[in-house]
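To keep things clear, I will list the structure first and then write my remarks on it.
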Number of protein chains: 2
Amino acid sequence: MLRDVLEMQRKLQPDVLETLGKRYRILQYIRLMQPIGRRTLATQLSTSERVLRSETDFLKQQGLILIQSAGMLLTEEGNKLLEGLEQTVKYAFGLEDLERKLAGYLSVPKVIVVSGDSDELPVVKKELGRATVQQMKNRVSPGDVIAVAGGTTLASAADMMVPDAKWHNTIFVPARGGLGEKVEIQANTISSAMAMKAQASYRLLHVPDQLSEDTRRSLMQEPGVQEVLDLLKSASLVVHGIGEAKTMAGRRTTSASLRSRLEEGSAVAESFGYYVNQDGKVVHRENTVGLQWDELRSDQTVITVAGGSSKAKAIDAYMRYRPSSILITDEGAAKAILNQSGAPEATE
Amino acid sequence: MLRDVLEMQRKLQPDVLETLGKRYRILQYIRLMQPIGRRTLATQLSTSERVLRSETDFLKQQGLILIQSAGMLLTEEGNKLLEGLEQTVKYAFGLEDLERKLAGYLSVPKVIVVSGDSDELPVVKKELGRATVQQMKNRVSPGDVIAVAGGTTLASAADMMVPDAKWHNTIFVPARGGLGEKVEIQANTISSAMAMKAQASYRLLHVPDQLSEDTRRSLMQEPGVQEVLDLLKSASLVVHGIGEAKTMAGRRTTSASLRSRLEEGSAVAESFGYYVNQDGKVVHRENTVGLQWDELRSDQTVITVAGGSSKAKAIDAYMRYRPSSILITDEGAAKAILNQSGAPEATE
DNA sequence: TCTCTGCGGGACTTTAATCGTCCCGGCGGA
DNA sequence: TCCGCCGGGACGATTAAAGTCCCGCAGAGA
């Protein structure tokens with residue numbers, strides 16, 4: 001109930017909880033160290049002194065703290081408020097907490113965690129999609145080339161795409177050729193769907209898999225294909241998902257020998273057609289054309305999207321050893337990852 | 001539970017609920033009139049088009065509305081949010097609703113309603129006090145003269161007074177001389193207490209009641225008294241409470257003949273030493289020196305503070321016939337007033 | 001008793017966000 | 001076909017927030 005209201009409030013005013021938490025933290029610190037001076041507190045909270053000052057002025061006006069020459073201290077009312085708001089803040093910042101912990105554990109610059117578990121609620125996948133589109137918008141500039149991989153998660157991101165000035169003259173390019181999957185979740189389909197929804201342009205990479213090596217090579221020499229591959233290399237934004245190795249192998253037309261090879265190498269994660277084991281070692285690589293891991297440059301933004309507690313191991317295996325600028329995941333996956341990592345505080 | 005959280009949130013970020021309500025209203029209107037254009041909606045909501053535009057841009061980004069060339073319409077998510085937030089908003093804006101209705105009914109420019117009933121919870125009286133101080137601060141300028149009457153409500157306002165630059169060189173003056181009450185709630189005591197808490201200066205009006213007419217007249221000729229009376233006339237801010245006639249008569253040293261006179265005239269309210277009946281007619285006037293009603297000028301700000309459902313009739317009787325710039329009351333009184341006024345929608 | 005440090009708070013400048021205003025091209029109904 | 005309303009872009013003005021610097025004061029220590 002409270003959870004729902006907070007969730008809706010987050011929808012209607014996203015940064016409210018942020019400032020709420022900021023002020024809560026200030027009160028917390030004051031309670032902890034009272035009486036404490038402005039400058040000391042500012043360095044403790046690693047904010048500018050001026051910002052903290054306007055905050056404390058506000059808190060004073062609300063009658064929550066007293067400002068004396070010896071420093072600041074909580075009023076009785078401030079104390080009560082701090083107590084009463086404890087659970088609320090704990091929940092409201094569970095996600096931010098997860099983001100911070102995950103970013104540390106996986107060494108990713110930025111982690112976005114949406115609430116829920118996409119394994120349980122399909123809505124959460126849409127939420128992941130929306131978050132993905134938003135992050136893409138944050139990082140893209142008009143005229144950029146955007147490489148998009150396949151998967152069900154990215155398909156929902158394509159659903160959530162909306163036109164925006166940011167997409168002007170951008171080109172959406174599939175990150176890889178066909179991987180023998182259903183057409184709705186192929187990179188070609190998704191990148192073109194995104195482009196159309198964004199009212200941007202797109203290219204297709206028509207390279208079927210399961211070709212003979214010779215045919216494939218000659219196909220790659222084709223001007224149309226070559227152009228797309230060049231575009232792909234110039235992409236400033238790469239968006240991709242992560243799959244569980246078993247699910248992916250099942251989804252694709254995979255030979256029995258490959259299956260056993262994956263099992264032998266205990267592959268857990270798949271992305272871009274690469275299968276990796278728990279230590280991030282590549283067990284197998286699908287034989288398709290497109291973006292290669294070792295071609296990723298540091299000036300490219302790589303957005304990784306994957307959610308659901310069932311994908312926890314896959315995300316962990318992939319993220320710890322492969323570069324990514326932004327990880328977008330959900331609460332279920334985030335908690336599962338942190339739990340299996342052995343960090344006890346991740347449970348609560 | 002939810003109520004508490006919202007109340008605390010209001011403490012930590014007062015204008016949150018305001019913008020929440022604004023956005024909620026926008027969604028409401030869109031649901032009602034979809035598809036609707038920006039300009040049409042702006043005039044409906046009587047906001048600037050530009051403001052509404054940034055709001056709708058935001059709502060669009062949050063995926064709550066769709067913006068098409070035909071106009072704006074709700075998404076499914078927006079619909080759900082509107083439903084889910086209904087009760088929350090209803091509560092959160094119960095107070096604002098009351099303020100608006102009261103302002104209309106009593107013809108007061110501004111009404112502040114704090115939540116709760118000071119008859120039931122003593123805390124609410126403090127809240128009234130805080131609100132009073134805040135409104136005073138909004139209207140005062142350094143150097144102003146402030147006239148303060150007596151009463152328990154204003155005593156709690158004095159408790160809540162805090163130093164501020166606004167009080168520089170202000171002078172607090174009691175609105176009336178003694179009225180035979182306990183010293184803690186006399187105007188003299190309260191105005192001086194306020195002044196000291198505000199670190200401002202104050203004057204006292206030492207005119208005991210129950211003097212012979214001759215003595216009183218000669219006392220008023222005294223330079224010290226005369227100076228205070230002159231200051232009183234130059235006051236730019238007048239703060240006073242409203243009492244129930246019966247309570248006040250009981251509290252003061254009142255003769256039996258006066259009591260019967262008040263009863264005959266069916267006096268319900270008392271303020272400034274004036275007793276008025278339900279139609280605002282003056283039944284009796286205490287014989288003390290100080291500010292008179294007919295001396296109030298339109299350039300003065302009159303702040304009236306009174307709360308508690310028991311005072312509903314008194315507030316009603318006073319406010320409908322006497323000038324006041326700001327009425328500060330509580331939920332209990334506000335609802336009681338509107339209920340007895342015969343407005344059926346005030347109940348819920 | 002004197003100095004010296006850290007306190008709150010005032011004042012001014014700079015920066016960023018917001019809002020007012022004006023305009024354009026498109027789409028649909030008359 | 002024309003006209004009115006639609007969304008959306010652009011730019012200057014206004015205002016709020018933050019950066020910066022300084023001051024007087026109170027209390028601890030020499």
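Proteins get letters first, then strands, A, B, ... in listed order; numbering begins at 1 in each. Here the structure is a predicted model, which is why all the values come from computation and not from measurement.
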Heavy atoms only, 4.0 Å cut-off, all strands: where does A:L52 land among base, sugar-phosphate and nothing? nothing
B:K60 side-chain proximity, nearest of D:dG7, C:dG9, D:dG8: D:dG8
Can you measure B:I36 atom CD1 to D:dC6 atom P for me and round it to whole angstrom units? 8 Å
Taking 4.0 angstrom as the limit, do B:E83 and B:K80 come out as a salt bridge? no
Atom pair distance, as rounded to whole Å: CD in B:Q44 and C1' in D:dC5: 15 Å
Which residues pass the side chain to side chain contact (heavy atoms under 4.5 Å, CB included) test with A:Q44, sequence neighbours left out? A:Y29, A:M33
Name all residues meeting the salt bridge (charged side-chain N to carboxylate O under 4.0 Å, His left out) criterion together with A:K137; count only those two or more places apart in sequence or in a different chain, and write none if there are none. A:D164
Is it the case that A:S236 and A:D144 place a side-chain donor and acceptor less than 3.5 Å from each other? yes
When rounded to whole Å, the CZ to C1' distance for the pair A:R38 and D:dC22 reads 12 Å
Under the 3.5 angstrom rule, does the side chain of B:E331 hit a backbone N or O of B:V114 as a donor-acceptor pair? no
Which protein N or O atoms sit under 3.5 Å from an N or O of nucleotides 16-21 of chain D?
{"unit_1": "D:dG19", "atom_1": "OP2", "unit_2": "A:S48", "atom_2": "OG", "d": "2.4"}

Out of the candidates A:K22, A:R38, A:R25, A:K60, only one should pair with A:E55 under the salt bridge (charged side-chain N to carboxylate O under 4.0 Å, His left out) rule; please name it. A:K22
Mind checking what makes salt bridge (charged side-chain N to carboxylate O under 4.0 Å, His left out) contact with A:R130, not counting sequence neighbours? A:E127, B:E77
If the condition is side chain to side chain contact (heavy atoms under 4.5 Å, CB included), which residues does A:N138 pass it with, not counting sequence neighbours? A:Q135
Roughly, in whole Å, what's the span from CZ in B:F58 to P in C:dC19? 13 Å
Distance alone, cut at 3.5 Å: any donor-acceptor contact between the side chains of A:Y91 and A:E86? no
Below 4.0 angstrom, which residues in residues 63-70 of chain B have at least one non-hydrogen atom near DNA chain C? none
Phosphate oxygens OP1/OP2 of D:dC6: is one of them under 4.0 Å from a side-chain N or O of B:T40? yes
In whole angstroms, how far is the P atom of C:dG6 from the CG atom of A:L41? 16 Å
